[in-house]
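Here is the structure we will look at.
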Amino acid sequence: MKYNPNAIEQKWQKYWYDNQLFNATDFSEKPKYYSLVEFPYPSGSGMHVGHIRAYTSLEIISRKRRMEGYNVLFPIGFDAFGLPTENYAMKQKVHPRKVTDDNIDVFTDQLKRAGFSFDYDRVVDTTDPNYFKWTQWIFIQLFKKNLAYRNKTLVNFCPSCKVVLSNEESQGGKCDRCGESVIQKEKDVWFLKITEYADRLLEGLDYLETLPRIKREQENWIGKSVGAEITFNINEVDEKLSVFTTRPDTLFGATFMVIAPEHPLLEASKDKIQNMDALKAYQQEAQTKSEFERTELVKEKTGVKIEGLSAKNPVTKEDIPIFVADYVMMGYGTGAIMAVPAHDERDYDFAKKYDLTIREVIKGGDIEQAAYTDTESGTLLNSDFINDMEVTEAIETMIKYLVDNKLGEKAVNFKMKDWAFNRQRYWGEPIPIVHCKQCGMVPVPESDLPVTLPDVKNVEPTEDGESPLAGIDAFVETTCPVCGEAARRETDTMPQWAGSSWYFLRYTDPHNDEELANYHKLKYWLPVDWYNGGMEHVSRHVIYSRFWHQFLYDIGVVPTKEPYKKRSAQGLILGPDGDKMSKSKGNVVDPMETIEQYGADTLRVYILFIGDYEQATPWSENGVKGARRFLDKAWRLHEKVDASYTDDKAMITLLHQTIKGVNEDVESTKFNTAISKLMSFVNDALKKPAISKSTFETFLKLLNPFAPHMAEELNMMLGNEKPLVYAEYPTYDESLIVEDMMTIVIQVNGKVRDKLEVPKDTDKETLEALAKKSERVAQFTDGKTIRKIIVVPAKLVNIVAN
RNA sequence: GCCAGCGUGGCGGAAUUGGUAGACGCGUCAGACUCAAAAUCUGAUGGGGUUCGCUCCGUGUCGGUUCGAGUCCGACCGCUGGUACCA
């Protein structure tokens, strides 16, 4: 009988899913294992080969864990709020609910068609009111703890599309959708105070088992820097300027100051400022630039001196000028800097342009030529009481001086900003807040949750960039939960990051009406043992969800400090041309076509065999054929099974080596070499006259996580009634792995000249003697003196001669 | 610019602590089967030379450490990802 995947795959899928073999049981005698993959956004185009790669790794792990006797939770769900659905719905005049449901149906079918062993009874959908009820509930808890607040900010606004855009959607100052220029619009928006958790998010990384680069990226995102906050007095008015610096030791070199265009000092001191018009004009100009332009495009420093104000350097007592320049950002530090032009390139450029004093304070450079920035270490000069000190000592001494004289203090600053937590969209979780004239902002009572989206025929954008919800009176108009007077609902919705920040908690108890998840169930399943997802989510999503988790831990909702024990990230699959897959390039590969043509098992095997799991790799149609050829051969191997046959020693050794190798490779995400070991096994086994039943069964168990449909079918054909899903995973016998004879390499001056077949335990002396006897060696040592002989047992003999 | 990762055949990629470079797969070539093709099977396949025994060269470039370097060290070149006037 020939291998015919289409005939067997659907049969086994029906068997698995109908019998709910992958459903996790809450609480069990077995040890638990929670494997988590990032849930997909159910787009209209269905599954992508990238999804297959992202899920297959933990699919293998999960199937292996079940065979190893674990109670496995391997769930899936849908991160279904989001723009593409809303846009599509608007265009096609269909309700986003309908679009979402249809897409989820398509996706679920495709997941099942790939044979993924998810627990489909625990599917969560972030757009389901029973789910987002708890997303809203978490928001209210954050609000009550003052971790959710409103503040004014500038947003990217497209006057033509009348929508607020993200940075990604407004690159280069142009609207991503219509190409028009984006303007900066001031808006009241919601923030979550993630900065309050910055230190703990940093510390928590110690618990996370992951690649160094993944940890690094999160550290960089949080961006902790230690230094000092120094206060400068303004001479002409009763105002002070605070600056954050990592280098208080360079204070003697601070010859001017720069503040951000939006800095409040301007408004506060307008009476004394003589060139307010010029400053206003500069301010206006800076506002037309997006943050992108301000940071990316402006190579030449621009700025305006504030006439009428000057600051006093607290240590030199010099009067120094103050400038407004857009290279200083209001959003970082205090929005003001002390400029040390001798040792900072930006300050140096600025000082040269405006002809300002440049004073060297760290020895070593030539400040006539350029800023000297190699100042991690060095010796101070021109700095009074810290002269001749080393940088580290100078920093400490200066901070002490500042503290003693009440001029400043030690300070820590984070690059990470508070999380802008709102969108002006329809298709998102409504923020559960009511605005009341008397009572201010009032959270919706928990008993009234969820605040659902109004059912409208068409989602229409508003004229002024407000959420479409703002135009729906039936939604907006409500009464205040505190005083009962007429009030208005908040019309902003949450960003997509919201629902995905806690979904892994809901999987432990997806149908709970009383709480987001039962504490005992959380305690049983958490933490997530292994979480796999995209590299692009490592900084944002992982940090955001860890922040929510830490908060929920603080209020006693979850039992663990950190949500994840281990995190891995898969590499991208590129198009066959080596470019990133994209519709416009026409190089997108549809995994469903591969399944139809070659079968799901081939797709699974190929996608893991394609290359290093963490590296980007191009797709290859020929590679798919190769994977299929391997499965064809594995299938044919069953014809060699002979119940009365006894395998030879070499076969048994190979089998045990394969068990060991596959196990180790899978655990260290080296799926490609795990498969190559299975291929080698099949190649060798096919050369034997026959293969014993038990050896073939063991092979099928190893193959099962990768190609489960085929493995189950062949196992059944052997006459076994028990399926492989919960069969016992093979273990190896260390004593059977070592071969009796081994090849020893003989080198002369480091070059291989001969090889010897010797028994495995041959000692050093024997090896050396054998090597010396070799005729091949003699050719290369003739007429030379042997200087040294290096013998590495079980490996090689190297004869050094000249 | 900074941070991280990576440079190995025609291609995707393998190579515990430094110890036979190129596993496995693709492609290509030759042969078997076939009227023929496909599929399948067998063999060859880094480059140069060769009396077919072998031999020299070869892991981005240059240098170093070592009996021995793809692996370690230094400098450089290139690619990919992240990030960005971060004070």
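Bear in mind the structure is a predicted one, so any value in this text is a computation, not a measurement. Proteins get letters first, then strands, A, B, ... in listed order; numbering begins at 1 in each.
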Just the rounded figure in Å: distance from [atom2] of [N] to [atom1] of [X].
X	N	atom1	atom2	value
A:D579	B:G81	CG	P	11 Å
A:L572	B:G12	CG	P	16 Å
A:L631	B:G25	CG	C1'	13 Å
A:Q747	B:G18	CD	P	16 Å
A:M742	B:G19	CE	C1'	13 Å
A:K751	B:A21	NZ	P	11 Å
A:E217	B:U83	CD	C1'	9 Å
A:R628	B:C26	CZ	C1'	17 Å

Closest listed nucleotide, where the reference is the side chain of [X] and the choices are [options]:
X	options	answer
A:T673	B:A14, B:A21, B:G12	B:A14
A:N622	B:C85, B:C26, B:G13	B:C26
A:I790	B:C26, B:U55, B:G19	B:G19
A:V800	B:A23, B:C56, B:C67	B:C67
A:Y332	B:A87, B:A14, B:C24	B:A87
A:T245	B:U40, B:U20, B:A87	B:A87
A:K633	B:G25, B:U20, B:C85	B:G25
A:K795	B:C67, B:C26, B:G19	B:G19
A:N672	B:G13, B:C85, B:C3	B:G13
A:R753	B:U55, B:G19, B:A87	B:U55

Please determine, for [N], whether a Watson-Crick or G-U wobble partner exists with both distances under 3.5 Å, and give it or none.
N	value
B:U59	none
B:A15	none
B:U51	none
B:C2	B:G82
B:U42	B:A30
B:G7	B:C77

On a whole-Å scale, what distance lies between the [atom1] atoms belonging to [N] and [M]?
N	M	atom1	answer
B:G7	B:C26	P	23 Å
B:G46	B:A38	P	25 Å
B:A21	B:U59	C1'	7 Å
B:A4	B:G18	P	22 Å
B:C57	B:C3	P	39 Å
B:U45	B:G9	C1'	10 Å
B:G70	B:G82	C1'	27 Å
B:U66	B:G74	C1'	16 Å

request  = Specify the residue among A:T743 and A:K677 whose closest nucleotide of RNA chain B lies further upstream toward the 5′ end.
outcome  =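 Checking each residue's closest nucleotide, the 5'-ward one belongs to A:T743.
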query = Toward the 5' end of RNA chain B, which comes first, A:N220 or A:S225, by nearest nucleotide?
reply =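 So the residue in question is A:N220.
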Give [X] one of three labels, base, sugar-phosphate or nothing, depending on what nucleic acid heavy atoms sit under 4.0 Å from its own.
X	result
A:D612	sugar-phosphate
A:L796	base
A:N683	sugar-phosphate
A:R216	sugar-phosphate
A:A616	sugar-phosphate
A:T617	sugar-phosphate
A:K224	nothing
A:R629	sugar-phosphate

task = Considering just the side-chain nitrogens and oxygens of A:R540, establish if one lies under 4.0 Å of OP1 or OP2 belonging to B:G82.
result =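 No.
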request  = Look at the side-chain N and O atoms of A:K415 and state whether any lies under 4.0 Å from the OP1 or OP2 oxygen of B:C86.
outcome  =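 It does not, given that no N or O in the side chain of A:K415 lies less than 4.0 Å from OP1 or OP2 of B:C86.
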Output yes when a side-chain donor or acceptor of [X] lies under 3.5 Å from a complementary backbone atom of [Y], and no otherwise.
X	Y	answer
A:D601	A:P5	no
A:Y354	A:G303	yes
A:T255	A:T357	yes
A:S383	A:F252	no
A:D249	A:M398	no
A:K640	A:K688	yes

query = Which of parallel (below 30°), tilted (30 to 60°) and perpendicular (above 60°) describes A:W497 and A:H537?
reply =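 Ring orientation of A:W497 relative to A:H537: perpendicular.
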task = Count the heavy atoms belonging to other residues, nucleotides or ligands that lie under 6.0 Å from NZ of A:K353, then report whether that count exceeds 12.
result =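 Yes, because the 6.0 Å sphere around NZ of A:K353 holds more than 12 heavy atoms from other groups.
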task = Can you check whether any acceptor in the base of B:C67 is under 3.5 Å from a donor in the side chain of A:N798, or vice versa?
result =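 Between B:C67 and A:N798, which were checked side chain against base, a qualifying N/O pair under 3.5 Å is present.
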ask   = For B:G53, does the glycosidic angle fall within 90° of 0 (syn) or outside that (anti)?
value =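 Syn, since the glycosidic angle lies within 90° of 0.
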inquiry  = Apply the syn/anti split at 90° from 0 to B:G9 and say which one it is.
reply    =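 The base of B:G9 is oriented syn (glycosidic angle within 90° of 0).
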query = To the nearest 0.5 Å, what is the distance between CD (A:E621) and OH (A:Y598)?
reply =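 Spacing of CD (A:E621) from OH (A:Y598) equals 4.5 Å.
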inquiry  = A side-chain contact here means heavy atoms from C-beta on lying under 4.5 Å apart; do A:I799 and A:R753 qualify?
reply    =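 No; the side chains remain at least 4.5 Å from each other.
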